[in-house]
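For reference, the structure discussed in these notes is given below.
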Amino acid sequence: MVDKPFNSLEFSHIKKSFGRGRQNKRILKDTHIHLKQGECTLLSGKNGSGKSTLMRTLAGLIKADSIAISFNEQLLDNKKAYSFIRQHVMYLYQEPYMFDGSVRRNLGYALVRKNTDKIKQALKWADLEHREDTEAKCLSGGEKQRLALAQAWLKQPSVLLLDEPTANMDKHAKIRTGKLFAEFKQRGTTLLIASHDLDHLLQVMDRRLILENGKLLEVEKE
């Protein structure tokens with residue numbers, strides 16, 4: 001079933017707490033989110049509201065107390081659900097991890113087999129051609145984000161989860177990154193972006209959700 005073309009991925013009855021006894025704190029309270037193919041959803045919320053917890057839970061990096069996952073409106077058992085997530089969902093941290101070595105070498109890790117032409121295309125796509133021989137760990141925060149996006153461009157996930165991707169960027173870099181997001185959408189990639197940077201994401205955003213008191217609320221379009 002999970003080999004069918006991707007149309008939608010739905011997470012429901014998401015609950016997550018940390019701590020025990022009186023120290024127990026419920027972060028996510030029986031909430032749900034429906035991600036559709038080629039759609040960009042902006043996730044907002046106050047600092048500490050649980051946005052990163054939610055994103056990492058959806059990516060399978062944090063185990064939820066309870067969760068139900070449906071692919072193309074068909075409920076999956078946990079084994080199939082997390083198999084799909086491992087293969088088709090990619091999560092990018094606010095501060096992407098860089099391996100030792102050049103930008104070009106880091107891009108190579110995104111491919112099962114080395115493909116020089118693909119790497120050159122990714123460098124051009126992310127405007128990193130002039131940095132291909134630079135140590136990846138020496139890049140600026142914005143350049144590291146673009147490198148991480150270029151890795152995602154090579155991997156072609158069905159769903160891309162991004163945690164504050166423009167936090168370390170100047171205005172020019174934010175505009176450039178917004179264009180990259182638009183190109184992901186044109187490919188049919190589903191985007192979920194946790195960010196406070198509403199101004200630079202309005203053009204690419206299809207809908208906006210706010211995480212408040214452990215639940216997701218949809219903001220109506222003006």
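- Residue L35 is grouped with residue L61 when hydrophobic side chains (ILVMFWY) are merged at heavy-atom distances under 4.5 angstrom, including chains of intermediate members.
- Within a 6.0 Å sphere centred on NE2 of H172, other residues, nucleotides and ligands contribute 12 heavy atoms or fewer.
- A heavy-atom distance below 4.5 Å is not found between the side chains of V89 and L160.
- If you check the side chains of T41 and R208, you find no donor sitting under 3.5 Å from an acceptor.
- Between the side chain of T189 and the backbone N or O of K185, no donor-acceptor pair lies under 3.5 Å.
- Residues L111 and I119 have side chains in contact (heavy-atom distance under 4.5 Å, counting atoms from C-beta outward).
- Scanning all heavy atoms of the two residues, the minimum distance from K155 to A110 falls at CG-O, 3.4 Å.
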Please report the C-alpha distance between K15 and L28 in whole Å, then the side-chain angles of each, then the deciding distance to 0.1 Å, and finally whether the side chain to side chain contact (heavy atoms under 4.5 Å, CB included) criterion is met.
CA-CA 5 Å; K15 297 179 182 178; L28 304 174; 5.7 Å; no

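- Among all heavy-atom pairs drawn from L107 and A150, the shortest one is CD2-CB, 3.6 Å.
- Cation-pi geometry between K179 and F181 is not met: the NZ or CZ atom fails to fall both under 6.0 Å from the ring centre and inside 45° of the normal.
- Rounding to the nearest 0.5 Å places CG of L123 at 8.0 Å from CZ of R104.
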Run K215 and D30 through salt bridge (Lys or Arg N to Asp or Glu O under 4.0 Å) and show every step you take.
CA-CA 7 Å; K215 298 223 174 190; D30 197 25; 5.0 Å; no

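- Look at E143 and R131 and you find a salt bridge, because one of the NZ, NE, NH1 or NH2 atoms lies within 4.0 Å of a carboxylate O, short of that distance.
- S44 approaches S195 most closely through the heavy-atom pair OG-O, 3.8 Å.
- With rounding to the nearest 0.5 angstrom, the NE2 atom of H32 is 13.0 Å from the CZ atom of F11.
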Assess whether ring-ring contact (aromatic ring centres under 6.0 Å, His included) is satisfied between Y91 and Y93, documenting all intermediate values.
CA-CA 7 Å; Y91 174 76; Y93 290 86; 4.7 Å; yes

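- With respect to the salt-bridge test (charged N to carboxylate O, under 4.0 angstrom), the residues D163 and K51 do not qualify.
- Side-chain contact annotation: H196 with E164, donor-acceptor N/O pair under 3.5 Å present.
- Counting heavy atoms from C-beta on, the side chains of F71 and N7 never come closer than 4.5 Å.
- One hydrophobic cluster holds both L149 and M98 under the rule that ILVMFWY side chains link at heavy-atom gaps under 4.5 Å.
- A heavy-atom distance below 4.5 Å is found between the side chains of I193 and P165.
- The two atoms that bring G60 and Y82 nearest to each other are CA-CE2, 3.9 Å, heavy atoms only.
- Linking Ile, Leu, Val, Met, Phe, Trp and Tyr residues whenever their side-chain heavy atoms come within less than 4.5 Å leaves I62 and Y97 in two separate clusters.
- For the pair D100 and R105, the salt-bridge criterion is not met [side-chain N within less than 4.0 Å of a carboxylate O].
- The heavy-atom pair separating K144 from A136 by the smallest distance is CE-O, 3.8 Å.
- Connection of V103 to L92 is established within a shared hydrophobic cluster, with ILVMFWY side chains joined at heavy-atom distances below 4.5 Å, either directly or through further cluster members.
- Atoms CG and CH2, on L154 and W125 in that order, are 9.0 Å from each other to the nearest 0.5 Å.
- Shortest non-hydrogen contact noted between A68 and L75 is CB-CD1, 4.0 Å.
- The local environment of CD in E95 is sparse, with at most 12 non-hydrogen atoms from other residues, nucleotides or ligands closer than 6.0 Å.
- Put simply, CG on L191 and CG on L201 are 10.0 Å apart, with the number rounded to the nearest 0.5 Å.
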CA sep, side-chain torsions, deciding dist, call: H88, V159, side chain to side chain contact (heavy atoms under 4.5 Å, CB included)
CA-CA 6 Å; H88 300 285; V159 180; over 6 Å; no

Would you sort out whether T116 and K114 count as a side chain to side chain contact (heavy atoms under 4.5 Å, CB included), showing the intermediate values?
CA-CA 6 Å; T116 302; K114 186 176 178 180; 4.2 Å; yes

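- Note: S102 OG to D133 CG = 6.0 Å, rounded to the nearest 0.5 Å.
- L217 is not connected to I14 by any chain of hydrophobic side-chain contacts under 4.5 Å among Ile, Leu, Val, Met, Phe, Trp and Tyr, and they are in different clusters.
- The local environment of NE2 in H13 is sparse, with at most 12 non-hydrogen atoms from other residues, nucleotides or ligands closer than 6.0 Å.
- The side-chain heavy atoms of Q121 and W153, taken from C-beta on, include a pair separated by under 4.5 Å.
- Atom NZ of K36 is surrounded by 12 or fewer heavy atoms from other residues, nucleotides or ligands within 6.0 Å.
- Atom CG of residue L147 and atom CD of residue Q151 lie 4.5 Å apart, to the nearest 0.5 angstrom.
- A distance-only check finds a donor-acceptor pair linking the side chain of R146 to the backbone of A126 [under 3.5 Å].
- Contact check for R176 versus M169: no side-chain heavy atoms found under the 4.5 Å cut-off.
- N106 contributes a side-chain N or O that, together with a main-chain N or O of F99, makes up a donor-acceptor pair within less than 3.5 Å.
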Step-by-step side chain to side chain contact (heavy atoms under 4.5 Å, CB included) determination, K80 to I69:
CA-CA 9 Å; K80 286 184 178 179; I69 303 174; over 6 Å; no

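- You'll find the side chain of L42 stays beyond 4.5 Å of the side chain of V219, heavy atoms only.
- Within a 6.0 Å sphere centred on CD of Q203, heavy atoms belonging to other residues, nucleotides or ligands number 12 at most.
- At a threshold of 4.5 Å between non-hydrogen side-chain atoms, the residues I33 and L9 do not count as touching.
- By the neighbour-count criterion of 12 heavy atoms within 6.0 Å, atom NZ of K118 is sparsely surrounded, having that number or fewer from other residues, nucleotides or ligands.
- For D197 and T166, the side-chain atoms include at least one donor-acceptor pair closer than 3.5 Å.
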